[in-house]
Amino acid sequence: MNFTSDVKREIIAKNMKSRRKKEREEIAELKKISALSAFVRTSGELGVKDGLPTFFIVSETENVAEYFVALFVELFGVELSVDRASMDRMSGRDKLVLLCPLNSSERILRELGLLKRSTIEFKDGIASRFKNDKETRIAYITGAFLGSGTCTIPAETGKSGYHLEFVFSERKIAKEFCDLLWEEELLAKIIKRKETYVVYIKNKEFISDFLSMIGAENSLKKFFTVVDKRDEANQSNRAANCFSGNADKVAQASVKQIFAIERIKAKAGLDSLTEDLKELAFFRLENPTMSMQEIANSLNITKSCLNHRIRRLMEISGKLG
């Protein structure tokens, strides 16, 4: 079970539970229609048969398909039929193809805001009644995720990034969907992938806001667990890299200093140095791995004083060629 499946399963379970708890006080019908419209947009195919607009739905997730089939019955009294089941060669999962009865398709498509007013032409954007209210916007976003959404986290991919995406067949609807997300303060981008348009979010804060918005509380806890573990690991790596980098700098400085002292020793002799520089030269040769702070502490001088003496040794070495 991957993270996307976990999130979708949780959303559906939550919605089903809400319906059972509110038998006398139904969830607003418009929210259900909004979610169903987004689901058909993202997982359905719209077309014309015998001069009538119609559609079929393709779903790889059985429990998602069952949930929306039940919604069709509840809202429209229409049961979709299973046309066929086939295996997707890319994902290795079964695909269910669900057909809408031709004599009911126009009525349903019109209710879902997928037909232009007074015509049988398909609408190429999101119906305004799904945009104006916060609850219907969230329902639409949730329906789109159930239809074509995926949410991946590093724990299951082995990669470093977080990724949330929705797939649409048309650029205009992808753009309008981005606007819906923006209304909920979720900043997304669009990229074309083959013949589709992908709306995606990679920012982990926005993804956590999305999970919170759609009510996936258990998935959000799992998400935070992954984030915390990776942040801790990244912090440890940064600390290790910083330590390693500092160690490299210490080693490089030590080599240069020892090389300079050895040159003075070979060409002029260390006895040619003043007492303070001679003390430092001998000490450095005997302690090649010590840091500057450790040398300063051992010689009981300040680090500033030590740096001054090192510079004098380097200058003397440079003059000796």
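Everything numeric in this text was worked out from a predicted model, so none of it was measured.
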Review point. Between atom CG of Leu109 and atom CG of Leu114, what is the distance when rounded to the nearest 0.5 Å?
Key: 5.5 Å
Practice item. For the pair Phe282 and Leu273, evaluate side chain to side chain contact (heavy atoms under 4.5 Å, CB included) and give the outcome as yes or no after the intermediate values. Key: CA-CA 11 Å; Phe282 278 114; Leu273 299 172; over 6 Å; no
Exercise for review: Would you mind listing every ring-ring contact (aromatic ring centres under 6.0 Å, His included) that reaches into residues 166-194, with sequence neighbours excluded?
Suggested key: Phe166-Phe177, Phe166-Phe210, Phe168-Phe177
**Study point:** Of all pairs that satisfy side chain to side chain donor-acceptor pair (under 3.5 Å), the ones with a partner from residues 295-307, not counting sequence neighbours
**Key:** Gln293-Asn297
Exercise for review: Could you pull out all residues at least two apart from Leu285 that satisfy side chain to side chain contact (heavy atoms under 4.5 Å, CB included)?
Suggested key: Ile258, Ile261, Glu262, Leu270
Point to revise | Atom CD of Glu184: over 12 foreign heavy atoms under 6.0 Å | key: yes
Revision key, fill the gap. Separation between CZ (Phe259) and CE (Met314), nearest 0.5 Å, reads 9.5 Å
Exercise for review: Write down the atom of Val7, the atom of Ala216, and the distance for their closest heavy-atom approach.
Suggested key: CG1-CB, 4.1 Å
Practice item. List the atom of Ile207, the atom of Ile201, and the distance in Å for their closest heavy-atom pair. Key: CD1-O, 3.7 Å
**Study point:** Heavy-atom side-chain proximity of Cys151 to Phe145 below 4.5 angstrom
**Key:** yes
Review point. Distance from Ile316 atom CD1 to Ile264 atom CD1, nearest 0.5 Å?
Key: 5.0 Å
Revision key, fill the gap. Between Met290 and Arg284 the two heavy atoms that sit nearest each other are O-NH1, 3.0 Å
Practice item. Can you see which heavy atom on Ala38 is nearest to which on Tyr140, and at what distance? Key: CB-O, 3.1 Å
Study note, to complete from the structure: Minimal heavy-atom distance between Gly147 and Thr42, with the atoms involved, is CA-OG1, 3.3 Å
Exercise for review: Look at the side-chain heavy atoms of Ile, Leu, Val, Met, Phe, Trp and Tyr, link any pair under 4.5 Å apart, and say whether Leu211 and Leu187 land in one connected group.
Suggested key: yes
Exercise for review: Verify, without hydrogens or angle tests, whether Thr225 (side chain) and Lys221 (backbone) share a donor-acceptor contact under 3.5 angstrom.
Suggested key: yes
Point to revise | ring-ring contact (aromatic ring centres under 6.0 Å, His included) against Phe72, all qualifying residues, sequence neighbours excluded | key: Phe55
Exercise for review: Answer yes or no: is there an ion pair linking Arg193 with Glu165, defined by an N-O contact shorter than 4.0 Å?
Suggested key: yes
**Study point:** Nearest-0.5 Å distance that lies between atom CG in Leu306 and atom CD in Glu294
**Key:** 11.5 Å
Review point. Between Lys134 and Glu183, is there a salt bridge with N-O shorter than 4.0 Å?
Key: no
Point to revise | Ser5 side chain to Asn2 side chain, donor-acceptor N/O pair below 3.5 angstrom | key: yes
Review point. Can you tell me how far CG of Asp209 sits from CD of Glu185, rounded to the nearest 0.5 angstrom?
Key: 8.5 Å
Exercise for review: Using a 4.5 Å cut-off on heavy atoms from C-beta on, say whether the side chain of Phe223 contacts that of Lys204.
Suggested key: yes
Check your understanding: Which pairs, with at least one residue in residues 107-120 and sequence neighbours excluded, count as a salt bridge (charged side-chain N to carboxylate O under 4.0 Å, His left out)?
Key -> Glu106-Arg110, Lys116-Glu121
Study note, to complete from the structure: Heavy-atom closest pair (Gly149 atom, Thr4 atom, distance to 0.1 Å) is O-CG2, 3.6 Å
Review point. Do the side chain of Glu176 and the main chain of Gly125 share a donor and acceptor less than 3.5 angstrom apart?
Key: no
Review point. Is any side-chain heavy atom of Thr136 closer than 4.5 Å to a side-chain heavy atom of Arg129?
Key: no
Point to revise | CG-NZ distance between Leu99 and Lys49, expressed to the nearest 0.5 angstrom | key: 7.5 Å
**Study point:** Lys/Arg N to Asp/Glu carboxylate O, Glu275 vs Lys278, below 4.0 Å
**Key:** yes
Check your understanding: Should side-chain heavy atoms under 4.5 Å link Ile, Leu, Val, Met, Phe, Trp and Tyr, which residues sit in the same cluster as Tyr200?
Key -> Val167, Ile191, Val198
Review point. Is the number of heavy atoms from other residues, nucleotides or ligands within 6.0 Å of CD (Glu79) greater than 12?
Key: no
**Study point:** Under 3.5 Å: donor-acceptor pair, side chain of Asp50, backbone of Leu52
**Key:** no
Review point. With a cut-off of 6.0 Å (strictly less than), are more than 12 heavy atoms of other residues, nucleotides or ligands near CD of Glu170?
Key: yes
